[in-house]
Amino acid sequence: MEERYIPGKVEEKWQRYWAERDLFKTDMDPERKKFYCLEMFPYPSGKIHMGHVRNYAIGDVIARYKRMHGYNVLHPMGWDAFGLPAENAAIKEGIHPARWTYENIDYMKNQLKKMGLSYEWSREVTTCDPEYYKWNQWFFLKMYERGLAYKKVSFVNWCPSCLTVLANEQVIDGRCWRCDSAVIQKELEQWFFRITEYAQELLEGCDRLKGWPENVVAMQKNWIGRSEGVEMDFPVDGFSEGIRIFTTRPDTLWGATFVCLAPGHPLSERLVTDRSRLDEVKKKYGKMEEKEGLFTGHCAINPMNNERIPIYIANFVLMEYGTGAIMSVPAHDQRDFDFAKKYGLPIKVVIVPEGSVELPSELNAAYEDEGILVNSGHFSGLRSDEARKKIGEYIEERGIGKRVINYKLRDWGISRQRYWGTPIPVVYCGDCGIVPVNEEDLPVILPEDVSFTGKGGSPLLDSEEFLKVPCPRCGKIGKRETDTMDTFVDSSWYFIRYCSRKDEDALDREKISYWMPVEQYIGGVEHAVLHLLYSRFFTRVLRDLGIVEFDEPFTNLLTQGMVCKETLRCPEHGWLFPEDVHDERCKRCGSPVIRGRVEKMSKSKRNVVDPDRMIERYGADTVRLFSLFAAPPEKDLEWSDKGVEGAYRFLNRLWSIVYKNRDLISGLVDEKSFDLSKISAQASSLLRKTHQTIKRVTTDIEREFHFNTAIAALMELVNEISGFEKGNNDEDLHVLRYSIVTTLLLLSPFCPHITEELWEALGCKPSILEQRWPEWDETIAAEEELELVIQVNGKVRSKVMIPAGLSDERIKGIVLDDQRTRKFIEGKTIKNIFVVKGKLVNIVVDGY
RNA sequence: GCCGGUGUGGUGGAAUUGGCAGACGCGCCGGACUCAAAAUCCGGUGAGGGCAACCUCGUGUGGGUUCGACUCCCACCACCGGCACCA
C-alpha cells in the first residue's frame, strides 16, 4: 500500500477481510461472559440518515470495545419491516409493499456494510417475514387464551389520512405521529392488549431501571400515571343502581353539587330521553376547546350529606378513566367550576386555606389547593390529607365505597385497518362467534395478490381467498379478521428473536436465557413511552408464558441525541440548501441569507447531510469519528462540515506519522515494559502520556460512554507522538512503537478500518479487533513532577514544580519559600493553609 | 398547569469527590514552505488594562454555605423536551 491514505480502498479491503472470515459471528458459550449490545432496528424507509449513522456508530464502538475486553458479544441487526410507508408507496407508485420493502432493505444493508459495523448478519430479523410474524400471531393466541387480548367497542383515535386507528401512544399533540394529520375520535370495535393488567408492575419496575436515563423513566411513570382515591356509589332517584364515581379528593365530597357522566357511559343512554342532544354532546367528546353538557333530568343523592344533586352528561368526562363518572366540586376543581358557571350550578366551598377563615363568597376560580375542611359534617376542621385518610376509612366501614388505585395507562389498541402488517389470527363464525385460528395453522399468511387503490379500506377486504375460511371450530364458512396488528407488536420482542439464528428455534429457552437481557440498548428518545413500554409489557407476558425468566429486557439504555444542522432561509424562496447560497446571499434572488436555528435534520428544512456522500468523500472512519467526537452521545449533535474535515485531518495525520516511522519500528518486537534508565526524558514522557491515555480513554468509555473526551485524549497522544524525537538510544524506538501501537488499539473501536490497515503496516498480525484492550500501569501514568498551584485567599498567585509524593509539611515549606507567593503574604498573618494532595495549596491570610 | 432537562469563549464542547475555568476540535490571527495558491507544518487566540513582569473581571441572574463554588443550597430568568379536561 502506498503512503497516501485512501479511505475507500482501505475500508473495502477490511470489510471484505472481516466478512470472509466471519469475524463477528458469535455462539452461545456458557464459559464466557456475554454482552448483548443492541441498537434499535430501523424502518426500511429507503436510505439511512445521519441519525442512524450516529446510533450505529455508538453501538459499534461499545460492541467492539467489549469484544476487546474478552466478552462474548451479541451484536445483531434487523428490519422493522411492516408499516404504512410501504403501502403508501404501493398506492402512489404501484409497487408492491413487499418488493418496496425488500429492495429498501437491500440498499440500506449495503449502506450499513459500508460503515464497517460489526454486525452478525446471520441473525438478521425481518419482521415482514412469515417466519417472524408467525410468532406475533402465536403470542396473540396465547394472550387471547389468557384474556390478555380482547375485543371491545370504544372511542379510538382515528387518523383520517392514514385511514387507521392509532394507539394513544401514537397520538402526539392531537396529531398522527406519522403523518401529522389531526386525529379524530371514532367509535369502533377493536382488538386490545391488556397492558393495564401490568400497570402496577410496570410502574414498580421503573424504580429498578437503574441503567436508564432518568427522563425516560420519568416519562414512563408519568404515562402509567398512578393515582390513589376512592370509588363510591351515588344513588339515583328512581333507579335501583347508583352511579359509581372515582375521586382523588374525597376531602371535597361535601362540596359536590352535581354529577357528570361520560357520553359513552352505559347509564347515559337510559337516563337521557333526547337522543339527538346526546349525540351532539358525544360529537364533542374529548374535544378540548369547550365544555359541553346536557342535563339528564335526573338527580343523584350525595351519600355524605344526602343532598339531591343533578346528573349531567359532560363531554370532558372520559369513559376510559376511572369509572366514566365523576362527582363535580366546582369550588375546588377548575373544570367543574367552568362547567358550573356555564350551566348556572351552585358552587359550595368546603376547603379553606390553612390559617384563613374563609374564601371570598364570589369565587372567580376554583381553589384547588389543600386546606382545612369546612361544612363537611364531623370532618370539618381536619386538614385535607388527614380528612382523605379518615373519610376513606369511614366510607369503607359503612360499605358505601372503597379506596382504589387508578392508572392513566389504557389498554393497547392493536388493530390497524391496513394491509402491510401481521394478520390477526381470528375467524368470525356465524355460529361460534370469535374463533382463534389453530396454532398448527400458523402463520396466517398475508396474501400478496391484492390491489392497492388507496380507497375504501383495507385491500384484504378484496381477497376472497383470504377472507372466506372455514371456522376452525365448526368448519362452517366464516369471515377472517382483516385488521392487521400495530407494527409496535413486531418490535416488542425482536430482541429475543436475535438470540437464535434464522434457521433455528425462535424461542430456544436456553439461548434466550444465555443472551438476554440486553446489557446495552441504544436508540432515540422518541420511543420513551412507545416501543420501550410495549417491550417491557411483552417481556412480562412472555415471562408469564414461561418463555423467559426475567422481567426487564433492557438493563442499560442510552438515548442518543438528535443530529442537527444549521438552517438557511431566503426571505423570497424559503429554506435553502447550502449550495443555493453564495457569499451569504441566495443564488436565485441575491437576498441576504438568514442563518436560522440549529434544527434536527429534515428534508423539508433542507439541512440534511447524506451519509453516502460523506462516506464516499471522507470514508466511514471519518464519519464515525466525527459523529462520536462532536458531542457526548446523549446530547444533540450539531453537524459541521468543517468539523468533519478536522476528523479527516486527524486520521491523515495519524496515517503519515505511522508511515514516517514505519521503517524504524515495523521490525521491532513488541514490548510492554521498559528499562526506564535506558530511555530518554522525551521517551519517558511519551510513555507516561501513553499510559495516561489508556487510562483516560478507558474510564471515559466506562463512564457514560463519553467518546468525545476519549477521542480528545487520543488526539493529545497523537500530538505528542508527532512531536517526539528519539534520543540517542534504541530503546526509545521501542517506546515509540509501543505508543503508536497502543494508539491504534485504543482508536480501533472508533475507526476500525484505518487502524487495521496501520496495524498491518507495522507488521502486526491482523485482526486488530481480536486484540486485547491495553492496560495501564498506574505508577507509569503518575507524574514524577507535579505542578503545584498556590493560592492566597482563593486566588491563584503562583505555580511551582514539585516532586510527587511530598508530605504536607514539606509542601508548606516550599510554598512559603516561593518568591512570588511571598509578595502576597508578607506582613500578613497566616490564618490557615489548606493542602490538596498533589494539586493545590491555599494560604488564608488576614488583612487582605 | 404538572414532570424532566439545559444554560460555560467567536463556535462544538472539556473540567473524576467542591480545588488552576476554557482540555480537544472548529474558526480566526501570525509565521514557515511556495513564483503564487491549495494542502501541510509551527506559534498565538475569554474580556479589559499595562511597554512589561503582572493586575482586574469572567461559567444565565440574585443571594447563601465554604479557606475555596461551573460544581452544593435557596429564589428567579431564559430556552428545550414530555404529559395535559386523567376527576
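Quick caveat: nothing in here was measured; it's all calculated off a predicted structure.
Taking the ring-ring contact (aromatic ring centres under 6.0 Å, His included) definition, one finds that A/Phe626 meets it with A/Trp639, sequence neighbours left out. Remark: A/Arg403 pairs with A/Glu396 by the salt bridge (Lys or Arg N to Asp or Glu O under 4.0 Å) rule, at least two apart or across chains.
Atom CD1 of A/Ile711 and atom P of B/G25 are 12 Å apart (whole Å). Between A/Ile224 atom CD1 and B/G82 atom C1' there is a gap of 15 Å when expressed in whole angstrom units. A straight line from CD of A/Glu645 to P of B/A39 spans 9 Å, rounded to a whole angstrom. Distance CZ (A/Phe750) to P (B/G25): 16 Å, rounded to an integer number of Å. Rounded to whole Å, atom P of B/A38 lies 18 Å from atom CG of A/Asn652. Atoms NZ (A/Lys291) and C1' (B/C85) sit 5 Å apart, rounded to a whole Å. Atom-to-atom, CG of A/Asn406 to P of B/A87 comes out at 8 Å; the value is rounded to the nearest Å. Atom pair A/Phe834:CZ and B/C20:C1' shows a separation of 18 Å (rounding to whole Å applied).
Side-chain N or O atoms of A/Asn661 include one that pairs as donor or acceptor with a backbone N or O of A/Ile657 at under 3.5 Å.
Closest to the A/Glu716 side chain, of the nucleotides B/G19, B/A23, B/A87, is B/A23. Checking B/G27, B/C42, B/G25 against the side-chain heavy atoms of A/Lys642 singles out B/G27 as nearest. When each of B/G68, B/A87, B/U40 is scored by its nearest atom to the side-chain atoms of A/Asn842, the top-ranked nucleotide is B/G68. When each of B/A87, B/C67, B/C42 is scored by its nearest atom to the side-chain atoms of A/Thr247, the top-ranked nucleotide is B/A87. The side chain of A/Leu318 has B/A87 as its nearest neighbour among B/A87, B/C20, B/C24.
Separation of the P atoms belonging to B/U11 and B/U65 is 34 Å when rounded to the nearest angstrom. Between B/C28 and B/U34, the distance separating the two C1' atoms is 23 Å to the nearest Å. Taking atom C1' on both B/A21 and B/G9, the two are 11 Å apart, rounded to the nearest angstrom. Comparing B/C54 with B/C35, their C1' atoms sit 46 Å apart, to the nearest whole Å. Only the C1' atoms considered, B/G25 is 9 Å distant from B/G13, to the nearest whole Å. Distance noted for atom P between B/U66 and B/C51: 42 Å (whole Å). Here the separation of B/C74 from B/A87, taken at their C1' atoms, is 34 Å to the nearest Å. Spacing of P atoms, B/C57 relative to B/C3, comes out at 39 Å, to the nearest Å.
If you check every strand for non-hydrogen atoms under 4.0 Å, A/Val844 touches sugar and phosphate atoms only. Contact annotation for A/Gln334: no contact, since no heavy-atom pair falls under 4.0 Å across all strands. The residue A/Gly225 sits apart from the nucleic acid: no heavy atom pair falls under 4.0 Å. A/Val317 comes within contact range of at least one nucleobase, with a heavy-atom separation under 4.0 Å. No engagement by A/Lys831 is indicated, since no non-hydrogen atom pair under 4.0 Å with the nucleic acid exists.
Between A/Lys342 and A/Glu292, at least one side-chain nitrogen of the basic residue sits less than 4.0 Å from a carboxylate oxygen of the acidic one, meeting the salt-bridge criterion. Between A/Lys408 and A/Glu320 no salt bridge is recorded (no basic side-chain N to carboxylate O distance below 4.0 Å). A salt bridge between A/Asp207 and A/Lys221 is present, with a side-chain N of the basic residue lying under 4.0 Å from a carboxylate O of the acidic one. For the pair A/Glu228 and A/Arg226, the salt-bridge criterion is met [side-chain N within less than 4.0 Å of a carboxylate O].
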Encode nucleotides 2-17 of chain B as B, S and - characters from 5' to 3', where the letter depends on protein heavy atoms closer than 4.0 Å: B to the base, S only to sugar-phosphate, - to neither. -SSS------BSSS--
Protein proximity profile, nucleotides 48-55 of chain B - base contact B, sugar-phosphate-only contact S, no contact -, cut-off 4.0 Å on heavy atoms: ------SS
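Comparing A/Arg653 and A/Met562, the nucleotide of RNA chain B nearest to each residue sits closer to the 5' end for A/Arg653. Looking at which nucleotide of RNA chain B each of A/Glu320 and A/Ala713 is closest to, the 5′-most match is held by A/Ala713.
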One pair to check against side chain to side chain contact (heavy atoms under 4.5 Å, CB included): A/Met614 and A/Val609. What are the steps and the verdict? CA-CA 8 Å; A/Met614 284 289 137; A/Val609 174; 3.6 Å; yes
Run the numbers on A/Met319 and A/His265 for side chain to side chain contact (heavy atoms under 4.5 Å, CB included), then give the verdict. CA-CA 6 Å; A/Met319 192 56 225; A/His265 194 281; 4.0 Å; yes
For the pair A/Lys823 and A/Ser798, evaluate side chain to side chain contact (heavy atoms under 4.5 Å, CB included) and give the outcome as yes or no after the intermediate values. CA-CA 10 Å; A/Lys823 263 184 11 199; A/Ser798 179; over 6 Å; no
Test ring-ring contact (aromatic ring centres under 6.0 Å, His included) on A/Phe316 and A/Phe339; report intermediate values, then the result. CA-CA 10 Å; A/Phe316 70 92; A/Phe339 193 86; 5.6 Å; yes
Got a list of side-chain donor-acceptor pairs under 3.5 Å for residues 833-841 of chain A, not counting sequence neighbours?
residue  : atom : partner  : partner atom : Å
A/Lys837 : NZ   : A/Asp808 : OD1          : 2.9

Pairing annotation in dot-bracket form, given for RNA chain B with Watson-Crick or G-U pairs under 3.5 Å and | for cross-strand partners: (((((((..(((......[....)))((((((.......))))))((((....))))..(((((..]....))))))))))))....
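Residues A/Thr698 and A/Ile694 have side chains in contact (heavy-atom distance under 4.5 Å, counting atoms from C-beta outward).
Aromatic ring centres of A/Tyr534 and A/Trp412 lie closer together than 6.0 Å.
Classification of B/G9 as syn follows from a glycosidic angle within 90° of 0.
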